[in-house]
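Read through the structure below, which is laid out as structure tokens, and then see the notes.
The first residue in the sequence is number 1, and the count goes up from there. Order of appearance sets the numbers: ligands from 1, and atoms from 1 within every ligand.
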Amino acid sequence: MILPFLLAAVPALPQDVPRLTAPAQHMVHVEVTPRTLRRLTSLDLDVAKLDLVASHAEVIVTEEELAQLATTGLNHQVVIRDLATYYAERLASDPGSGPAAGSYGGWLSPPFGNGGMGGYYTLNQIGSVLDQMRASYPNLISAKQSMGNSLEGRPIWWVRISDNPDTDENEPEVRFDSLHHAREPQGMQCNLWFMLYLLEEYGSDPLATYLVDNREIYCVPCVNPDGYEYNRQQNPGGGGLWRKNRRNNGGGSFGVDLNRNYPYNWGYDNNGSSSNPDSETYRGASAASEPEIQAMTAFISARDFETALSIHTYGNYWLAPWGFDEQYPGNWNHYDEVGALVTAVNGYEHGPGSIVLYEANGVTFDYDHGQHGTLSWTPEIGSSNDGFWPSQSRIISLAQDNELAFIRTALAGGPWIVGESLSVVDVGDGDGDFEVNEPVELTAMLRNSGTVEASTVDLTLTSSSPWLSITQPNASAGPISSFSSGANALPLAMGILP
Ligand code: 0X9
Ligand code: CA
Ligand code: CA
Ligand code: ZN
Ligand code: CA
């Protein structure tokens, strides 16, 4: 896994060349255990991935920070020199091939997966794509609206996907946001892909049709437009490593980590959240100090989200509250039930962010969960090889890998009936063999794995076999409360014909 990185290594610039741009940053793998973790975290470095079970951390450092790391005595290895250039060259050498047949967004300009930044949509293109979606599907998606401006005055767009999309109806509301962190564009691509699935499959795929008709799906593709645009300006071909917003903190330091600025247990402690403006995890001067987070909290407070994904990259994790402390939320059984169904799709590791990854306060899901009771997760899309700017050919496959996981998250935002088992009983001679002319009764064990009660659950028995006669095609199993089980009270029935 390390070898391909070494092949692409590029030499660092000589130290005495005056720089107009930010110093190069390198990807370093560090061997770290729970016992030695403090030696790493005390340096307040940019930790992109941490896996204490595997004693493995992936840390992004400047030359200066690399020297600090050396003083800790922790085993470490530089695996990619100048990570931004590595990503840019990887994107340039893999110019994609246009969307695969049967994929979504081939009709967009530019087509999905062919955006202007190494395949990723630029900020302007995101706005244009939202306009194109509205123009093509005016009955399924609202016109884009701004929830407020970023620090530098850029609108933060949101859209609603639903039937009657221009009306705020009384349907369960769910939210998908992305690009809190400016260097994580694959999250935005996954978000747009899910939107395209809903729009293009409406009327043909039963799940897409059900979700559009029975949910309000709010999508915020870019929470951090200033940081994302800054990355485009610095690295027009993609690969930019800027993470925070562009707040001028004074003293030559820029940026607040928007995923540390939410006003729930903000600044609880210094674990994974920093008071140092130079840090990549700088939490800001006060809770919700940043206009982007003020816009998000106002938007969130104005609705009632049942479930939410705040999409990040990378690590193949599906992270739940709590973030601020190593604790399970009181309704962990609900998180665990939905999380298991969702991660059965993509094989991602599910658990509280503080336990699976690291503690951090002021994060989105703690605010959603603690302030509003929303079941909220942060997926970390993609592997270490994918990194922050996966190859262009990975844009669609990573989106496809997570499509059904997003669908299930939206389903869980309302009543979501999942079949658990079916009991089939021989009610003829009762010997357990199904014989000619015998009546057979069926009872379905059902689970509502959603956050909303199912007021009616109707079952219909059909068969295309000429050897069966359906004698009782209808039964009712409703209502079934949220996170509860049920079954049809009266059985469905059929007979076996000669
Ligand atoms: O640190 C973050 O904000 C997220 N990881 S990322 O690499 N995308 O920056 C994870 C936040 C999840 N919350 C906690 N681990 N507490
Ligand atoms: Ca609607
Ligand atoms: Ca509504
Ligand atoms: Zn992130
Ligand atoms: Ca029998």
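At least one side-chain heavy atom of E201 sits under 4.5 Å from a side-chain heavy atom of Y104. Inter-residue side-chain proximity for Y262 and D366 is flagged as unmet; no heavy-atom pair is nearer than 4.5 Å. Here the side chains of Y314 and E58 are in contact, with some heavy-atom distance below 4.5 Å.
H26 and E63 share a side-chain donor-acceptor pair at under 3.5 Å.
W389 and R90 get closest at one heavy-atom pair: O-NH2, 2.9 Å. Here the closest heavy-atom approach between residue Q186 and residue I395 is recorded as NE2-O, 3.1 Å.
Nearest-heavy-atom check against atom 9 (O) of ligand 1 across E280, R243, E359 picks out R243.
Electrostatic pairing of D94 and R394 does not count as a salt bridge here, judged by no charged N lying under 4.0 Å from a carboxylate O.
Within E169, the N/O/S atom positioned nearest the Ca ion (ligand 2) carries the name OE1. Within H181, ND1 is the N, O or S atom that lies nearest to the Zn ion (ligand 4). Taking the N/O/S atoms of H312 in turn, the shortest distance to the Zn ion (ligand 4) belongs to ND1.
At a 3.5 angstrom cut-off on N or O pairs, W322 does not count as close to ligand 1. Where the criterion is an N or O separation shorter than 3.5 Å, residue side chain and backbone included, H312 meets it with respect to ligand 1.
The shell of residues lying under 4.0 angstrom from ligand 1, judged by heavy atoms, includes T313.
Within 6.0 Å of atom CD in E64, 12 or fewer heavy atoms from other residues, nucleotides or ligands are found, so the atom counts as exposed in its surroundings.
Near N259, meaning under 4.0 Å from one of its heavy atoms, ligand 1 places the atoms 2 (C), 3 (O), 11 (C). Less than 4.0 angstrom separates some heavy atom of G323 from each of these atoms of ligand 1: 16 (N). Listed by number with element, the atoms of ligand 1 under 4.0 Å from a non-hydrogen atom of E184 are 6 (S), 8 (N), 9 (O).
Residue contacts to the Ca ion (ligand 2): D163 brings an N, O or S atom closer than 3.0 Å. Checking E184 against the Zn ion (ligand 4), an N/O/S atom falls under the 2.8 Å cut-off.
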Exercise for review: Apply the test side-chain contact (heavy atoms from CB on, under 4.5 Å) to residues L69 and V30: give CA-CA distance (whole Å), side-chain angles for both, the deciding distance (0.1 Å), then the verdict.
Suggested key: CA-CA 9 Å; L69 192 56; V30 185; 4.0 Å; yes
Review point. Can K49 and D51 be said to form a salt bridge (Lys or Arg N to Asp or Glu O under 4.0 Å), step by step?
Key: CA-CA 7 Å; K49 182 168 177 174; D51 184 348; 5.3 Å; no
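When non-hydrogen atoms are compared, ligand 1 lies under 4.0 Å from neither the backbone nor the side chain of K49. Only side-chain heavy atoms of L319 come within less than 4.0 Å of ligand 1; its backbone N, CA, C and O stay farther off. Residue H180 does not touch ligand 1, judged by heavy-atom distances below 4.0 Å. Residue contacts with ligand 1 for F365 involve side-chain atoms from C-beta outward but no N, CA, C or O (heavy atoms, distance under 4.0 Å).
With W322 as the partner, the side-chain contact (heavy atoms from CB on, under 4.5 Å) test is satisfied by one option alone out of W332, Y328, Y264: Y264. Of the candidates F406, Y335, F365, F305, W377 forms a ring pair (Phe, Tyr, Trp, His ring centres under 6.0 Å) with just one, namely Y335.
Closest to atom 14 (C) of ligand 1, if we only count protein heavy atoms, is Y358 O, 3.4 Å. At the top of the distance list for atom 5 (N) of ligand 1, counting protein heavy atoms only, stands E380 OE2, 2.6 Å.
Seen from the Ca ion (ligand 2), atom OG on S162 and atom OE2 on E171 lie at an angle near 100° (rounded to 10 degrees).
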